[in-house]
**Student:** 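Pasting a structure below so you can have a look.
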Amino acid sequence: MDFKVADLSLAAFGRREIQLAEHEMPGLMAVRKEYAQSKPLAGAKIMGSLHMTIQTAVLIETLVALGAEVRWVSCNIFSTQDHAAAAVVVGPDGTVDDPKGVPVFAWKGETLEEYWWCTEQALTWPGGDGPNMILDDGGDATLLVHKGAEYEKAGAVPSAAEDDPEEWKIILDLLRRTVSDEKKWTTIASRIKGVTEETTTGVHRLYEMYKAGTLLFPAINVNDSVTKSKFDNKYGCRHSVIDGLNRATDVLIGGKVAVVCGYGDVGKGCADALRGQGARVIVTEIDPICALQAAMDGFQVTVLEDVVETADIFVTTTGNFNIITAEHMARMKHNAIVSNIGHFDNEIDMAGLAKIPGIVKQEVKPQVHTWTFPDGHSIIVLAEGRLMNLGCATGHPSFVMSNSFTNQVIAQIELFTKTEEYPIGVYVLPKHLDEKVARLHLDALGVKLTQLTKAQADYIGVPVEGPYKPDHYRY
Ligand code: NAI
């Protein structure tokens, strides 16, 4: 088996944590049981690009239990949990000397070159007959396949402009080496039946490609299942934003002034958590609806410029870029904590920060750095500006990820087994499946659901067994 992880000897530790996680992931375990015999993913060759954590290990082993062949990478250079990666490679029945699990190419602290090399490895199936499905988080695997196929069609890879981001130059270099007359990327693209996308940012990329007419295969937007974005993005971040801050700095949050940029699903979870710790929370927004929500939830809403010099903690949650600029950071108070929990690292202008003349970066510990300005004051930047909950802590806990990943498995089954029902486009799962995912998680929390009577169901115009809400309902 080909794979590349940090240290296979961590597999036993990883396996013990996977066993604990399985108990907290009732949705995934129920799906495993439901499809144990029928194996709807037999023949699926799934390339996954999603944070290689313990929770993801349970997802991978669920896909395998349903019959799929899988190869995996992390979708961020800092988010891999090395014991999880090792355990997945060794597998439940293998040993360190005789691994029998799934090929994983991921370790914590990859360089960007290594990151894209890993993505290429997971997309390169031995024997060349796969993958036929992608499970993506943020859209990097989908992007590589699309750009490779586009440049093969054009017959050349364009040169990078000097002011292009470093990462884009790395991608172009990789494609220059791999775009070929054998049409490696075109062949991969032609085999793929579809992609299921995990996050807001990746979904945004998919809709853009679809609108531009460049999307090469159908996609299911897993993010916008209610049981994904209204749970993982919100309650997951409500848990893991604090975990990231605590593990990175252990600063007392109570009494501090915290600024949350963006009040979407992630921002709502972060603001709630910081308030729960006793911080005085200030929100920034560009959308009047979200700004009004924040105000009516009791938060001060203002522009960053007004509070940049007085706040203690900054968290960006926008999925947008250049939210905190180098100029903002220069004005912050001594030891202000600057962090991002959105998908990509460009919410904070790290490149601009590094270019300030005389600035000195010092590592406190991995993923925690002070940046000292020429006037002697410093700021503390978490995870080099990448998502701090996965860079500095272990991301979302199992229970909430069980909701997200049950949607992922159902979406993979949909696209793989009903390919002809999904012409190229971007789809969300039907509501009855969303309700099914929620239902699978009720028992574990001791929830007793009220039964609708037939007369009540008729009165509000829904079937007794659901779905209970129209598609436009917003929760
Ligand atoms: P969303 O679209 O619900 O929320 C983003 C909010 O930011 C919107 O309300 C938007 O109006 C606001 N915004 C945009 N530009 C802004 C600006 N310049 N200043 C202030 N506010 C601005 O998106 P969601 O679901 O909250 O996701 C946000 C990001 O977090 C995405 O990149 C997503 O992929 C990522 N994500 C990260 C997770 C993690 O574990 N770290 C989990 C889930 C999502």
Side-chain angles (χ1 to χ4, degrees), residues 49-51 53 55-56 74-76 78-79 136-140 197-207 221-245 259-273 282-295 297 299 301-308 314-325 328 339-349 382-383 385-398 400-401 403-405 407-408 474-475:
S49 168
L50 192 152
H51 310 290
T53 62
Q55 292 70 33
T56 303
S74 205
C75 61
N76 182 281
F78 293 138
S79 64
D136 218 349
D137 182 348
D140 279 352
E197 169 57 53
E198 174 82 1
T199 199
T200 316
T201 287
V203 161
H204 178 71
R205 282 179 165 183
L206 286 169
Y207 284 112
N221 163 2
V222 169
N223 183 68
D224 287 295
S225 287
V226 180
T227 47
K228 200 284 180 179
S229 50
K230 298 292 169 190
F231 289 79
D232 165 327
N233 303 24
K234 186 178 174 187
Y235 305 121
C237 288
R238 187 176 71 178
H239 173 103
S240 60
V241 70
I242 301 296
D243 197 10
L245 281 169
V259 179
V260 175
C261 300
Y263 201 68
D265 292 320
V266 171
K268 287 180 175 75
C270 292
D272 189 14
I282 297 169
V283 168
T284 73
E285 250 299 341
I286 49 110
D287 179 333
I289 297 177
C290 299
L292 188 61
Q293 278 182 313
D297 283 340
F299 297 108
V301 183
T302 189
V303 293
L304 192 55
E305 286 67 28
D306 283 4
V307 289
V308 74
F314 297 83
V315 186
T316 58
T317 78
T318 69
N320 203 343
F321 84 121
N322 259 354
I323 302 302
I324 297 183
T325 63
H328 288 138
S339 65
N340 162 50
I341 198 167
H343 192 80
F344 284 123
D345 62 336
N346 53 0
E347 299 211 22
I348 301 170
D349 182 14
L382 306 192
R386 293 171 196 278
L387 22 75
M388 54 85 99
N389 59 337
L390 282 138
C392 298
T394 50
H396 297 352
S398 302
V400 84
M401 293 316 293
N403 286 270
S404 308
F405 289 167
N407 280 295
Q408 275 288 3
R474 294 199 178 88
Y475 297 87

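Whatever order the structure lists them in is the order used to number ligands and atoms, beginning at 1. Along the sequence shown, residues carry numbers from 1.
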**Student:** Which of the atoms in ligand 1, numbered in the order shown and given with their element, are less than 4.0 Å from a heavy-atom of Val266?
**Tutor:**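 So the answer, numbered in order with elements, is 24 (P), 26 (O), 27 (O), 28 (C), 30 (O), 36 (N), 43 (C), 44 (C).
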**Student:** What is the minimum heavy-atom distance between Phe344 and Arg205, and which atoms define it?
**Tutor:**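 It is CZ-NH2, 3.5 Å.
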**Student:** To check you understand the geometry: which heavy-atom pair defines the closest contact between Leu387 and Gly342, and what is its length?
**Tutor:**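 Smallest heavy-atom distance, with atoms named: CB-O, 3.6 Å.
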**Student:** For ligand 1, which atoms, with element, lie under 4.0 Å from some heavy atom of His396?
**Tutor:**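 This gives 40 (O), 42 (C) as the contact atoms.
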**Student:** Who's the nearest protein heavy-atom neighbour of atom 15 (N) of ligand 1, and how far?
**Tutor:**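 Result for atom 15 (N) of ligand 1: Asn320 ND2, 3.1 Å.
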**Student:** Show which atoms of ligand 1 fall inside a sub-4.0 Å distance from at least one heavy-atom site of Leu387.
**Tutor:**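 By the 4.0 Å cutoff, the relevant atoms are 41 (N).
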**Student:** By number and element, which atoms of ligand 1 are closer than 4.0 Å to a non-hydrogen atom of Thr284?
**Tutor:**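 Checking each atom against Thr284, I get 20 (C), 21 (N).
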**Student:** Going by the atom numbers of ligand 1, which of them fall below 4.0 Å from some non-hydrogen atom of Asp232?
**Tutor:**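 Listed by number with element, the hits are 42 (C), 43 (C).
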**Student:** Would you mind telling me which of Asn223, Asp136, Asp232, Asn221 makes a side-chain contact (heavy atoms from CB on, under 4.5 Å) with Glu198?
**Tutor:**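 Among Asn223, Asp136, Asp232, Asn221, the one meeting side-chain contact (heavy atoms from CB on, under 4.5 Å) with Glu198 is Asp232.
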**Student:** Would you check whether Cys290 reaches within less than 4.0 Å of ligand 1, judged by its heavy atoms?
**Tutor:**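 It does; at least one heavy atom falls under 4.0 Å.
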**Student:** Under 3.5 Å between some N or O of ligand 1 and some N or O of Thr200?
**Tutor:**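 Yes; at least one N/O pair falls below 3.5 Å.
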**Student:** Going by the atom numbers of ligand 1, which of them fall below 4.0 Å from some non-hydrogen atom of Asp287?
**Tutor:**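 Reading through ligand 1 atom by atom, the close ones are 11 (O).
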**Student:** To the nearest 0.5 angstrom, please state how far the CG atom of Asp140 sits from the OG atom of Ser49.
**Tutor:**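 The CG atom of Asp140 sits 6.0 Å away from the OG atom of Ser49.
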**Student:** So is there a nitrogen or oxygen of Asn223 less than 3.5 Å from a nitrogen or oxygen in ligand 1?
**Tutor:**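 Among all N and O atoms of Asn223, none is under 3.5 Å from an N or O of ligand 1.
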**Student:** Testing Asp297, Asp287, Thr317 for side-chain contact (heavy atoms from CB on, under 4.5 Å) with Tyr263, which one passes?
**Tutor:**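 Between Tyr263 and the candidates, side-chain contact (heavy atoms from CB on, under 4.5 Å) is satisfied uniquely by Asp297.
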**Student:** Among all protein heavy atoms, pick the one closest to atom 30 (O) of ligand 1 and tell me residue, atom and distance.
**Tutor:**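 Of the protein heavy atoms, Gly342 CA, 3.4 Å lies nearest.
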**Student:** Of the non-hydrogen atoms in Ala383 and Met388, which two are nearest, and what is the gap between them?
**Tutor:**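 Nearest heavy atoms, Ala383 then Met388: CB-CA, 4.1 Å.
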**Student:** With no hydrogens and no angle check, just 3.5 Å: does a side-chain donor-acceptor pair link Ser240 and His396?
**Tutor:**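 Side chains of Ser240 and His396: pair found under 3.5 Å.
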**Student:** Name the option, out of Asn233, Asp137, Asp265, that contains the heavy atom nearest to atom 3 (O) of ligand 1.
**Tutor:**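 Looking at heavy atoms only, the winner is Asp265.
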**Student:** Of Asn233, Asp265, Asn407, which meets side chain to side chain donor-acceptor pair (under 3.5 Å) against Lys228?
**Tutor:**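 Going through the options one by one, the only one that passes is Asn233.
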**Student:** To the nearest 0.1 Å, how far is atom 19 (N) of ligand 1 from its closest protein heavy atom, and which atom is that?
**Tutor:**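 Going by distance alone, atom 19 (N) of ligand 1 is nearest to Ile286 CG2, 3.9 Å.
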**Student:** Shortest non-hydrogen contact from Glu197 to Val203?
**Tutor:**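 Smallest heavy-atom distance, with atoms named: CG-N, 3.5 Å.
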**Student:** Taking non-hydrogen atoms only, is Ile323 closer than 4.0 angstrom to ligand 1 via side chain, backbone, both or neither?
**Tutor:**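 Answer for Ile323: side chain.
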**Student:** Return a yes/no value for Tyr263: is any of its N or O atoms, backbone included, closer than 3.5 angstrom to an N or O of ligand 1?
**Tutor:**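 The answer is no, given that Tyr263 and ligand 1 share no N or O pair closer than 3.5 Å.
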**Student:** Is there a nitrogen or oxygen of His343 sitting under 3.5 Å from a nitrogen or oxygen of ligand 1?
**Tutor:**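 Indeed, backbone or side chain, His343 has an N or O that close.
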**Student:** Please confirm whether Lys228 comes within less than 3.5 Å of ligand 1 when only nitrogen or oxygen atoms on both sides are compared.
**Tutor:**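 For ligand 1, there is no N or O atom that lies under 3.5 Å from one belonging to Lys228.
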**Student:** At under 4.0 Å between heavy atoms, which part of Asn389 makes contact with ligand 1: side chain, backbone, both or neither?
**Tutor:**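 The answer is the side chain.
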**Student:** How far is atom 4 (O) of ligand 1 from its nearest protein heavy atom, and which residue and atom is that?
**Tutor:**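 Protein heavy atom with the smallest distance to atom 4 (O) of ligand 1: Gly264 CA, 3.2 Å.
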**Student:** If we count only N and O atoms by modelled type, under 3.5 Å, do the side chains of His328 and Thr325 hold a donor and an acceptor together?
**Tutor:**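 Yes, side-chain donor-acceptor contact under 3.5 Å.
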**Student:** Tell me which protein heavy atom sits closest to atom 12 (C) of ligand 1, plus the residue, atom name and distance to 0.1 Å.
**Tutor:**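 Of the protein heavy atoms, Glu285 OE2, 3.3 Å lies nearest.
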**Student:** If you have a sec, work out which protein heavy atom is nearest atom 32 (O) of ligand 1 and how many Å separate them, to one decimal?
**Tutor:**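 Its nearest protein heavy-atom neighbour is Thr201 OG1, 2.5 Å.
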**Student:** When you measure from the side chain of Asn389 to the backbone N and O of Gly244, does any donor-acceptor pair fall under 3.5 Å?
**Tutor:**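 No; judged by distance alone, with no hydrogens or angles, the pair does not exist.
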**Student:** Please give me the minimum heavy-atom distance between Gly319 and Glu347, naming the atom from each residue.
**Tutor:**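 The answer is N-OE2, 2.6 Å.
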**Student:** Counting only heavy atoms not in Tyr207 (residues, nucleotides, ligands), do more than 12 fall under 6.0 Å from its OH?
**Tutor:**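 For Tyr207, atom OH is crowded (more than 12 foreign heavy atoms under 6.0 Å).
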**Student:** Name the closest protein heavy atom to atom 41 (N) of ligand 1, giving the residue it belongs to and the distance to 0.1 Å.
**Tutor:**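 Closest protein heavy atom to atom 41 (N) of ligand 1: Ile341 O, 2.7 Å.
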**Student:** Any idea which protein heavy atom is nearest atom 34 (O) of ligand 1, and the distance to it?
**Tutor:**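 Of every protein heavy atom, Thr199 OG1, 2.6 Å lies nearest to atom 34 (O) of ligand 1.
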